[in-house]
Amino acid sequence: MVHDRKSALALVEALSRELYINGRWRESSTGARYSVHNPADGSAITEVADASVADAQDALAAAHAAQRDWGATTSRYRAELLRRVFDRIIERTEDFAALISLEMGKPLAEARGEVAYGAEFLRWFSEQAAHLTGSYAPAPNGGYRIVTAKQPVGPSLLITPWNFPLAMATRKIGAALAAGCTCLVKPAPQTPLTLALLMQICHELDVPAGVVNYLPTLDAAAQSRALMDDARLRKVSFTGSTGVGSILLRQAADRVLRTSMELGGNGPFIVFDDAELDAAVDGAMLAKMRNAGESCVAANRFLVHEAIAEEFTERLVRRFEELVVGDAFDPASAVGPLIDAKQLDKVTELVDDAVARGARIRVGGKALGGNGYFYRPTVLTEVPGTARIAHEEIFGPVAAVTTFSTEEQALERANATEFGLAGYVYTRDLSRALRFAERLETGMVGVNRGLVSDPGGPFGGVKASGLGREGGASGIEEYLETKYLAVQL
Ligand code: NAD
């Protein structure tokens with residue numbers, strides 16, 4: 001059933017809004033709850049349990065107790081269980097989409113896209129689970145054999161952001177479970193409801209007690225500190241800002257924990273003068289406006305060859321003008337609100353700062369007004385290098401266009417950032433595309449393509465954008481250790 005806002009709220013009422021620990025729903029030990037808001041109008045949707053540190057420790061005890069049996073299950077069993085979760089998510093696409101739209105704000109059509117993308121990680125990792133391999137080889141200098149086998153890392157803390165409430169979690173949960181790790185999932189405080197439904201499905205499908213635990217909290221710092229100080233935890237996987245990622249890396253150092261970090265980006269989008277302009281504009285719309293720009297792989301800095309800059313900008317402006325900004329449940333909406341007042345203030349500040357320093361607004365340039373956190377799709381040109389927007393991640397529907405004249409200049413500017421998550425390059429010249437992509441200091445490059453995210457591709461960054469890869473053939477490795485046996489014959 002396709003939901004409207006009223007039926008989506010009824011769906012929330014039917015959902016357990018407690019913690020999920022050791023296969024049971026339960027209240028927070030302190031009885032604390034907090035409100036979840038709809039970013040389209042700031043209204044309270046509901047309240048959810050706020051996990052205390054003691055709750056998190058209970059969940060870790062459960063995950064630790066379940067680890068041995070879960071790690072010893074056959075990979076075929078884990079594969080089939082993940083596949084059933086995938087099927088159930090797909091069956092309940094409309095329910096997941098409604099929850100995502102309600103708590104995060106993206107239009108229903110986009111939320112459905114996230115459900116398909118998010119579910120796909122479970123299918124992908126179900127296929128990976130059944131293909132775990134080891135090796136057997138003669139030692140180069142001796143009469144013994146080198147045998148290797150993969151083993152699960154152990155109980156893992158998975159901390160997720162609000163921008164893709166389902167997909168950022170399934171990309172971790174799928175890999176962890178496929179590898180044989182138990183886990184504790186900490187959703188972003190803004191978006192706990194989507195994962196409450198996922199937990200319900202795990203429960204219905206008999207995922208064993210303690211294998212998946214769910215701990216929404218307003219005090220993420222205290223929770224992660226306590227869990228990471230505990231010898232039973234073996235791994236932290238985090239998606240979010242670089243600032244929090246570096247705090248977690250410092251904490252992880254104390255106990256030499258395994259880590260995976262998916263952090264901030266500052267994606268360059270380069271358009272050469274021989275690019276196919278229609279494709280470049282389509283790609284720009286996708287790379288910039290997917291999720292209202294609230295994506296870590298969003299195009300942040302448009303670098304366009306001076307010969308085509310005006311034409312590219314005019315076409316982009318026309319496309320931005322056509323975008324309808326509005327409530328997720330209005331079928332006409334193409335762009336939803338930003339997540340909260342803080343994010344709206346940040347986007348407003350970055351645009352105002354650029355304009356004060358001489359940038360020109362070609363379309364948009366301000367918030368929509370009203371109670372929701374909507375910002376108008378905005379194109380800026382003549383953005384000076386001193387503007388904050390030229391260096392900081394925007395995380396909003398704002399395209400800042402600057403020009404270049406040579407390939408070297410484009411490369412130098414594209415790489416002039418501490419971040420290195422995704423970049424995009426548009427040119428018809430294959431040699432130039434590959435040459436440029438190889439020298440771009442990012443973990444991912446879209447070549448004549450504005451979307452890189454795919455469960456089958458290794459997602460991750462270089463420089464301050466992170467450590468490790470999620471999805472792709474190597475995604476499961478983040479949750480595996482290699483055990484080496486030296487076998488004397
Ligand atoms: P954030 O880093 O504040 O929050 C992300 C998550 O970390 C949330 O679950 C939050 O509760 C938790 N958290 C916050 N402080 C913590 C602490 N001290 N210890 C443990 N957990 C803590 O980020 P945000 O503002 O919610 O999200 C925006 C940022 O996330 C952007 O910079 C964006 O680039 C980044 N992001 C990156 C990716 C990626 O895949 N690389 C994906 C989405 C978002």
Side-chain angles (χ1 to χ4, degrees), residues 265-293 295 297-325 334-335 347-348 350-367 375-407 409-414 416-417 422-429 432-433 436 440 446-451:
N266 188 3
F269 189 104
I270 298 99
V271 189
F272 283 99
D273 51 354
D274 66 343
E276 208 206 299
L277 268 196
D278 285 338
V281 173
D282 285 345
M285 293 303 291
L286 202 53
K288 179 72 251 182
M289 293 307 298
R290 176 168 167 255
N291 224 36
S295 157
V297 288
N300 217 42
R301 298 169 295 144
F302 286 86
L303 303 168
V304 187
H305 191 274
E306 58 194 9
I308 51 150
E310 194 44 42
E311 172 150 21
F312 174 85
T313 307
E314 274 175 20
R315 291 196 196 192
L316 194 65
V317 167
R318 278 202 293 278
R319 295 283 292 274
F320 270 46
E321 281 168 348
E322 289 164 9
L323 292 170
V324 178
V325 180
V335 183
V347 172
T348 305
L350 286 179
V351 172
D352 292 352
D353 167 81
V355 172
R357 291 172 198 266
R360 188 172 148 214
I361 298 173
R362 301 289 290 264
V363 60
K366 55 178 188 291
Y375 198 87
R376 292 173 199 271
T378 297
V379 176
L380 301 175
T381 53
E382 292 145 64
V383 179
T386 51
R388 282 175 55 195
I389 207 164
H391 310 281
E392 289 180 37
E393 186 176 33
I394 304 167
F395 239 60
V398 181
V401 182
T402 57
T403 61
F404 67 87
S405 49
T406 66
E407 188 176 322
Q409 199 181 46
L411 187 71
E412 196 183 310
R413 291 197 195 152
T417 167
Y424 305 85
V425 55
Y426 276 78
T427 171
R428 282 197 180 95
D429 179 340
R432 172 152 67 186
F436 199 87
L440 208 51
V447 178
N448 293 324
R449 187 174 164 79
L451 181 68

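As the structure is a prediction and not an experimental result, all values here were calculated from the model.
Atom CD1 of I389 and atom CD1 of I394 lie 3.5 Å apart (nearest 0.5 Å). In this structure, CZ in R318 is found 11.0 Å from OG1 in T313, a value given to the nearest 0.5 Å. Note: L323 CG to M289 CE = 5.0 Å, rounded to the nearest 0.5 Å. Atoms CZ and CG, on F312 and L316 in that order, are 5.0 Å from each other to the nearest 0.5 Å. The structure places CG of L286 at 11.0 Å from CG of N291, a figure rounded to the nearest 0.5 Å.
Between V304 and T402 the shortest side-chain heavy-atom distance does not fall below 4.5 Å. Counting heavy atoms from C-beta on, the side chains of V447 and R449 never come closer than 4.5 Å. Using a 4.5 Å heavy-atom cutoff, the side chains of R301 and V401 are not in contact. Taking 4.5 Å as the limit, every side-chain heavy atom of I270 sits out of range of all side-chain heavy atoms of Y426. When side chains are defined from C-beta on, T417 does not count as touching H391, because their heavy atoms never get closer than 4.5 Å. At a threshold of 4.5 Å between non-hydrogen side-chain atoms, the residues L303 and V271 do not count as touching. At least one side-chain heavy atom of V297 sits under 4.5 Å from a side-chain heavy atom of Y424. Between L350 and V398 the shortest side-chain heavy-atom distance does not fall below 4.5 Å.
A354 approaches P384 most closely through the heavy-atom pair O-CD, 4.4 Å. Residues A367 and R376 approach most closely at O-NE, 3.8 Å, considering heavy atoms. Among all heavy-atom pairs drawn from N300 and F395, the shortest one is OD1-N, 4.4 Å. The minimum heavy-atom distance linking G293 with A298 is given by the pair O-CB, 3.7 Å. Across G385 and A390, no two heavy atoms sit closer than the pair O-CB, 3.9 Å. The two atoms that bring T378 and G365 nearest to each other are OG1-N, 2.8 Å, heavy atoms only.
Between the side chain of E393 and the main chain of G265, a donor-acceptor pair closer than 3.5 Å is present. Using a distance-only test at 3.5 Å, with no hydrogens or angles considered, a donor-acceptor pair links the side chain of K288 to the main chain of A299. Distance alone, capped at 3.5 Å, is enough to place a donor-acceptor pair between the H305 side chain and the S405 backbone.
The salt bridge (charged side-chain N to carboxylate O under 4.0 Å, His left out) pairs that include a residue from residues 378-391 are E349-R388, R360-E382, R388-E392, where partners are two or more places apart or lie in different chains. Applying the side chain to side chain donor-acceptor pair (under 3.5 Å) test to pairs two or more places apart or on separate chains, those with a residue in residues 270-281 are D274-T427, D274-R432, D278-R315.
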Exercise. Going through the checks in order, is the side-chain contact (heavy atoms from CB on, under 4.5 Å) test met by F320 and M285?
Worked result: CA-CA 8 Å; F320 270 46; M285 293 303 291; 3.6 Å; yes

Problem set entry | Derivation and outcome, side-chain contact (heavy atoms from CB on, under 4.5 Å), residues K366 and T348 | CA-CA 7 Å; K366 55 178 188 291; T348 305; over 6 Å; no

For this session: Assess whether side-chain contact (heavy atoms from CB on, under 4.5 Å) is satisfied between Y375 and V351, documenting all intermediate values.
Result: CA-CA 11 Å; Y375 198 87; V351 172; 3.5 Å; yes

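Aromatic rings from F272 and F404 are positioned such that their centres are separated by under 6.0 Å.
E321 meets the side chain to side chain donor-acceptor pair (under 3.5 Å) test with no other residue; sequence neighbours excluded.
Salt bridge annotation for E310-R362: present, with a cationic side-chain nitrogen under 4.0 angstrom from a carboxylate oxygen.
Counting non-hydrogen atoms of other residues, nucleotides and ligands closer than 6.0 Å to CD of E314 gives a total above 12.
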